[in-house]
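Inspection log for the structure reproduced underneath, given as structure tokens.
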Amino acid sequence: MLDLRYVVENLEEVRAALARRGPTSKQSLDPIAALAPRRSVLMQRLQAVREEKNEANAAMAKLDKQSDEFKARRESLKRISDETKQLEAEERQVQVELEHALLMVPNLPAASVPDGKSEADNVEVRKHGEKPSFAFAPKDHVDLGMTLGIIDFDRGAKLSGARFSVLKGHGAHLERALLMLMLDLHTREHGYTEIWPPALVNDESLRGTGQLPKFAADLFRIAPDWQEGITTADKEPAPRRELYLIPTAEVPLTNLHRDEILDGDALPIKYTAYTPCFRSEAGSYGKDTRGLIRQHQFDKVELVRFERPATAEAALQELTGQAEAVLQLLGLHYRVVELCAGDLGNGAKRCYDIEVWLPGQNAYREISSCSWFGDFQARRARIRFRDKPGDKPQVVHTLNGSGLAIGRTLVAVLEQYQQADGSVRVPKALIPYMGGLELIK
RNA sequence: GGAGGAGUGGCCGAGUGGCCUAUGGCGGCGGACUUGAAAUCCGUUGAGCUCGCAAGGGCUCCAGGGGUUCGAAUCCCUUCUCCUCCGCCA
């Protein structure tokens, strides 16, 4: 969420920055430009009326309640009270509309972000390692996994439907080994604190990180039916308490400090967590239908940081490097691209995608996305910090990145480490986590 | 799932319709005393919004939301959270 005052005072500048994302983003500002002046006028009137009312009421307390004067004043106060209520209702309405409009506006891209309309305009920043060369036609992970008996797509579909799968034997073990390796690396080498959060969160949490209200269609929502029968005194149905399956651990990790003022000395705060992630993948019909690449449920180790504004952009570089370290440890070839303004995620100011090489697809595919959000999430979630007692609280900056998507890492290991006979070598760093197993065959 | 109880400032806790601009204590910060510290004493102590060049005003916030009233921390409705007991369960 952008700062309302900043938007109002710098309307054209903000509009220009949003235009870099595309025409739709630019238009999201229009309702705010219309509502903000109305709110301002209303607030001033309301405040004046309330002041008058407060003063008059204070005088009432000193009067004899039986006197005629008391009765007369009560009558006149009734009118002021009614006016106040009416103004309050109007103000509430404008406030709600303004809040909603503000929640729909995406973040401003950092000045350094390259121009561009789509994925095609992203800029390659660096490559690590070499594409593995094969003396045979490399298979994709679907062939490898099914032949080795370690991935079962048919039974995944039987249990849950399309975009679900089952890992079995060494496949299941590989998933577990990868998440262990990643958590160990980030906690031991990179100084992150390990968290094991809930996988179901409330709507307030999703608003904090920016998935709601704009991207509700991407989420799986749970409405407990035990609440079905509850009604309020007016026989209206009670608002349902809804929970959502997390699309990423970013949501619970970032919201850990929602509505808090952090001690400046505690910054930066760095959390990592393994969680399953759930995405409805609405609108992706026909895309990546084969294999593990795009599932409704997948595993991921996530990195989340809370930073001072001054150190946040540098922290993005460090964070990206920490995600890359996993791929380096596993000896996987990858490249890093910086997203252009048109491809940038809604809340991000700046973002690097790490793309791992998949020989079976003859393509680089995203395996991590590392973003700097500025104060966009922290303002929504009211996460602030204070350096010295007495200082004004400041909004923190948040960052997060996958470290890494485990399913896609498993795919990359299978495809990059495959051998002519269809067996797969276990990367050296993973062997201890695989109980000494060196070859999956 | 059933039956009770409770949510007040960083923390504890008083407050049962107007004298609440929220008592008191603890903690924090500043100062006095002291060679220094402790003890003691004095002062201070949240967040958001808004008017103003400023100095300085003003408004809102007692778990969240709604209501009653001229006036609500206090009364009513509702949601949430926590605690105790019973039941069930990994």
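Letters A, B, ... mirror the listed sequences (proteins, then strands); counts begin at 1.
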C1' gap between C80(B) and A63(B), integer Å | 8 Å

Those residues that, when tested against Glu307(A), pass salt bridge (Lys or Arg N to Asp or Glu O under 4.0 Å) (two or more places apart) | Arg305(A)

Do any of residues 74-99 of chain A sit with a heavy atom less than 4.0 Å from RNA chain B, and if so which?
-> Arg74(A), Leu77(A), Lys78(A), Ser81(A), Lys85(A), Arg92(A)

Check the pair Glu204(A), Arg382(A) against salt bridge (Lys or Arg N to Asp or Glu O under 4.0 Å), reporting the backbone distance first and the verdict last.
-> CA-CA 11 Å; Glu204(A) 187 62 27; Arg382(A) 296 168 301 277; 3.2 Å; yes

For C75(B) and G17(B), measure between their P atoms and round to the nearest Å.
-> 8 Å

Whole angstrom value for the distance that separates C1' of G48(B) from CZ of Arg39(A) | 11 Å

How close or far is atom P of G71(B) from atom CE of Met60(A), stated in whole angstroms?
-> 9 Å

Considering only heavy atoms from C-beta outward, does the side chain of Arg50(A) approach that of Leu87(A) to under 4.5 Å?
-> no

Interatomic distance at C1', C61(B) relative to C20(B), whole Å | 15 Å

N/O donor-acceptor pair under 3.5 Å between Lys349(A) side chain and Asn107(A) backbone = no

For A3(B), the Watson-Crick or wobble counterpart (both distances under 3.5 Å) = U84(B)

The correct set of residues in residues 198-212 of chain A placing a heavy atom under 4.0 Å from RNA chain B is none

According to the Watson-Crick and G-U wobble definitions, with both distances under 3.5 Å, which nucleotide is paired to U23(B)?
-> none

Taking the C1' atom of each, how far is G7(B) from A73(B), in whole Å?
-> 12 Å

G25(B) and U60(B), which share atom name C1', separated by this distance in whole Å = 28 Å

May I ask you to check whether His257(A) and Phe306(A) place their ring centers less than 6.0 Å from one another?
-> yes

Look through every strand shown and name the nucleotide pairing with C59(B) as Watson-Crick or G-U wobble, where both distances are under 3.5 Å.
-> G48(B)

What interatomic distance, in whole Å, is found between C1' of C19(B) and the corresponding atom of G67(B)?
-> 27 Å

Does a side-chain heavy-atom distance below 4.5 Å link Leu267(A) with Ile269(A)?
-> yes

Closer than 4.0 Å, any side-chain N/O of Arg386(A) to the OP1 or OP2 of G46(B)?
-> no

Any sub-3.5 Å donor-acceptor pair from Ser205(A)'s side-chain atoms to Val201(A)'s backbone N or O?
-> no

Mind listing the closest non-hydrogen atom pair of Arg380(A) and Gly210(A) along with its distance?
-> NH1-CA, 3.4 Å

Applying side chain to side chain donor-acceptor pair (under 3.5 Å), name anything that partners Arg365(A), two or more places apart in sequence or on another chain.
-> Asp288(A), Gln361(A)

Could you give the distance separating C77(B) and U68(B) at their P atoms, to the nearest angstrom?
-> 15 Å

Round to the nearest Å and state the distance from Arg384(A) atom CZ to G10(B) atom P.
-> 11 Å

Between the main-chain N or O of Cys340(A) and the side-chain N or O of Asn122(A), is there a donor-acceptor pair closer than 3.5 Å?
-> yes

For the pair His190(A) and His186(A), name the ring-plane relationship: parallel under 30°, tilted 30 to 60°, perpendicular over 60°.
-> tilted

In terms of ring plane angle, is the pair Phe220(A) and His296(A) parallel, tilted or perpendicular, where the classes change at 30° and 60°?
-> perpendicular

N/O (side chain, Lys392(A)) to phosphate O (OP1/OP2, A47(B)) under 4.0 Å | no

Output one line per pair: protein atom, nucleotide atom from nucleotides 27-30 of chain B, and distance, for all N/O pairs under 3.5 Å.
none

Quick one: Ile261(A) CD1 to U45(B) C1', roughly how many Å, whole number?
-> 14 Å

Opposite nucleotide pairing with G43(B), Watson-Crick or G-U, both atom distances under 3.5 Å | C29(B)

So what's A14(B) paired with, Watson-Crick or G-U wobble, going by both distances under 3.5 Å?
-> none

Using both distances under 3.5 Å as the test, list the Watson-Crick or G-U wobble partner of A37(B), or none.
-> none

Distance, C1' atom - from C11(B) to U69(B), rounded to whole angstrom = 35 Å

Can Arg308(A) and Asp387(A) be counted as an ion pair, charged N to O under 4.0 angstrom?
-> yes

Side chain to side chain, Tyr274(A) and Arg176(A), heavy atoms closer than 4.5 Å = no

Correct closest heavy-atom pair for Thr320(A) and Cys370(A) would be OG1-CB, 3.6 Å

Heavy-atom side-chain proximity of Ile150(A) to Leu414(A) below 4.5 angstrom = yes

For RNA chain B, the residues among residues 43-58 of chain A that have a non-hydrogen atom under 4.0 Å from it = Met43(A), Gln44(A), Gln47(A), Arg50(A), Glu51(A), Asn54(A), Asn57(A)

To the nearest angstrom, how far is Phe70(A) atom CZ from G71(B) atom P?
-> 11 Å

Distance in angstrom units between Asp259(A) CG and A47(B) C1', rounded | 11 Å

Taking atom C1' of G48(B) as reference, at what distance in whole Å does atom CZ of Arg379(A) sit?
-> 13 Å

